[in-house]
Amino acid sequence: MRLKDCKMEPHSVIEVGETCQGNGGVEPGRMARIPERLQKRDQERQEELERRKEAKGSKEVTEEKSDFFTSTFSKQKADIEDMLASGGEAVPGSLAGRLEDISARIQQLQKFLNDSMVFLPQYELRQAQSALQKLQSDLAEKRGELLPKKKFAFRSRNVGANIKETPEPRKGGKQASTPIELTDACATAPPVNSDDVSAQCGFSNVNSQVLIKRAEEISQRDVLLTHLSSCTVKLFGAPSTLHIKHVRDSTILCGPVSSSVFIDHCSGCTFAFPCQQLRTHNTTDSQAYLHVTSRAIVEDCSGVRFAPFSWSYPGLEEDFQVSGLDRERNNWTQVDDFNWLVSDAPSPNWSVIPEEERKTTWD
């Protein structure tokens, strides 16, 4: 039917394909639906424009935040490097205080990084973490260079006991467990990937002992625990990093760790600590009560189980502030298994500890 044969009212609208009814009029119902369709299309178009605008705005905000972080972090880092470079020029009586000021600045920068992790690209995050670790290492080296090393000695509740002695075995073949505590400076342990021996402290080659360190001994230092068997280790304070290697059938409890915890070649252990990042390698049949602000990583592991951090001690909140970790952010269930690349199935190498099986008392 030709369009001119349809009789229409003035200003009528008709879509292509509409047919005339009766004496040339357009079907009334279909005429009423035409404006509704146009309105719906226009609304959808407006909504799509709004979505694009919001996405663009969100991207711009993220980029602005990232740019602000980069410039602020770089400036603060340069200031700390200048303070470290001029550390030897300080008056001897104020040297320790100056180094503590530098340590406080590094802790503030660590907190700034922790607060910015949600919007930072992974590459920039890794770069910042690496820079912070270098600052902490440089500070430890400067402290060892400028401050005289204290002579250390071990104190035991049993007179004559020391780190190298093996307690008399109990009946049944088990050794007695004697708490050991360091009285002055931290014991020097072999460094991990570092030439600075003085920067690290910890325990090594100990069997069936209770080992304790206080906050003043480990604060913002690298702590190394290696070749321990059937021990209980309690670290009160906020170390910079924690390395745990070749440990079996032991319990390791530690306060908030400012950066990373590295676990390697451990078995039958229970760990409890807060940290920024956890990397676990070659570890079996162990459990970690974890507070982690980024993500945990397992590699070449099996039978590793996780639960939220639950150990507590007087001064824990103050140590959280020293570490710069976010008390409210805990990603303990976000674990990346580098040996499991299947995205639609959970890794068989790690699991969550059921609530009824979790430890609630630690003494």
Side-chain angles (χ1 to χ4, degrees), residues 59-147 191-201 218-223 237-243 256-262 274-277 279 292-295 318-327 329:
K59 182 179 179 182
E60 290 176 351
V61 169
T62 300
E63 290 175 350
E64 289 176 3
K65 287 182 178 180
S66 181
D67 291 343
F68 173 76
F69 170 84
T70 301
S71 61
T72 304
F73 187 91
S74 298
K75 183 180 183 305
Q76 295 296 327
K77 173 176 169 289
D79 290 345
I80 294 172
E81 289 172 340
D82 290 342
M83 294 173 69
L84 285 167
S86 60
E89 302 173 3
V91 179
S94 64
L95 187 55
R98 184 174 180 82
L99 293 178
E100 288 305 314
D101 290 341
I102 297 175
S103 177
R105 290 286 297 272
I106 294 176
Q107 292 165 18
Q108 292 173 358
L109 192 58
Q110 177 72 63
K111 187 176 187 307
F112 179 54
L113 173 60
N114 293 345
D115 293 340
S116 306
M117 288 173 59
V118 291
F119 59 81
L120 287 179
Q122 285 299 313
Y123 173 77
E124 191 168 354
L125 176 60
R126 288 194 297 269
Q127 291 290 101
Q129 290 172 336
S130 177
L132 266 171
Q133 289 179 0
K134 185 177 186 305
L135 288 176
Q136 291 165 347
S137 176
D138 290 346
L139 174 60
E141 183 177 357
K142 182 67 68 173
R143 183 181 283 115
E145 174 188 337
L146 299 178
L147 296 180
V192 176
N193 299 326
S194 173
D195 296 328
D196 182 19
V197 175
S198 65
Q200 291 178 324
C201 61
I218 65 173
S219 180
Q220 294 305 287
R221 299 191 68 180
D222 294 340
V223 177
S240 171
T241 60
L242 176 60
H243 301 262
V257 181
S258 295
S259 55
S260 299
V261 175
F262 302 93
C275 61
Q276 180 185 339
Q277 184 186 56
R279 300 183 69 95
V292 59
T293 57
S294 57
R295 298 180 71 90
E318 290 79 0
D319 289 338
F320 259 103
Q321 294 179 4
V322 170
S323 71
L325 297 179
D326 187 345
R327 191 72 166 92
R329 183 188 302 163

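Everything numeric here is computed off the predicted structure, so don't read it as measured data. All heavy atoms count here, side chains included; hydrogens, waters and symmetry mates do not.
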Can you tell if the side chain of [X] reaches within under 4.5 Å of the side chain of [Y], non-hydrogen atoms only?
X      : Y      : answer
Phe73  : Leu132 : yes
Val261 : Val292 : no
Pro239 : Arg221 : no
Ser258 : Leu325 : no
Ile106 : Ile80  : yes
Ser66  : Glu124 : yes
Ile102 : Leu135 : no

Which residues share a salt bridge (charged side-chain N to carboxylate O under 4.0 Å, His left out) with Asp326, sequence neighbours left out: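 Applying salt bridge (charged side-chain N to carboxylate O under 4.0 Å, His left out) to Asp326 gives Arg329.
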With sequence neighbours excluded, residues passing salt bridge (charged side-chain N to carboxylate O under 4.0 Å, His left out) with Arg105: Asp79
Results of side chain to side chain contact (heavy atoms under 4.5 Å, CB included) for [X] - residues two or more places apart only:
X      : value
Arg295 : Gln334, Asp336
Ser74  : Thr70
Ser240 : Gln136, Asp222, Ser259
Gln321 : none

Set of residues satisfying side chain to side chain donor-acceptor pair (under 3.5 Å) with respect to Gln276, sequence neighbours excluded: Gln110
Residues forming a side chain to side chain donor-acceptor pair (under 3.5 Å) with Glu81, sequence neighbours excluded: Lys77
Spacing of Thr72 atom OG1 and Leu113 atom CG [to the nearest 0.5 Å]: 12.5 Å
Backbone of Phe320 reached by a side-chain donor or acceptor of Ser323 within 3.5 Å: yes
Short side-chain to backbone donor-acceptor contact, Gln220 and Ala238, under 3.5 Å: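 Side chain of Gln220 to backbone of Ala238, a donor-acceptor pair under 3.5 Å: yes, one is there.
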Set of residues satisfying ring-ring contact (aromatic ring centres under 6.0 Å, His included) with respect to Phe262, sequence neighbours excluded: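 Phe262 satisfies ring-ring contact (aromatic ring centres under 6.0 Å, His included) with His243 once adjacent residues are dropped.
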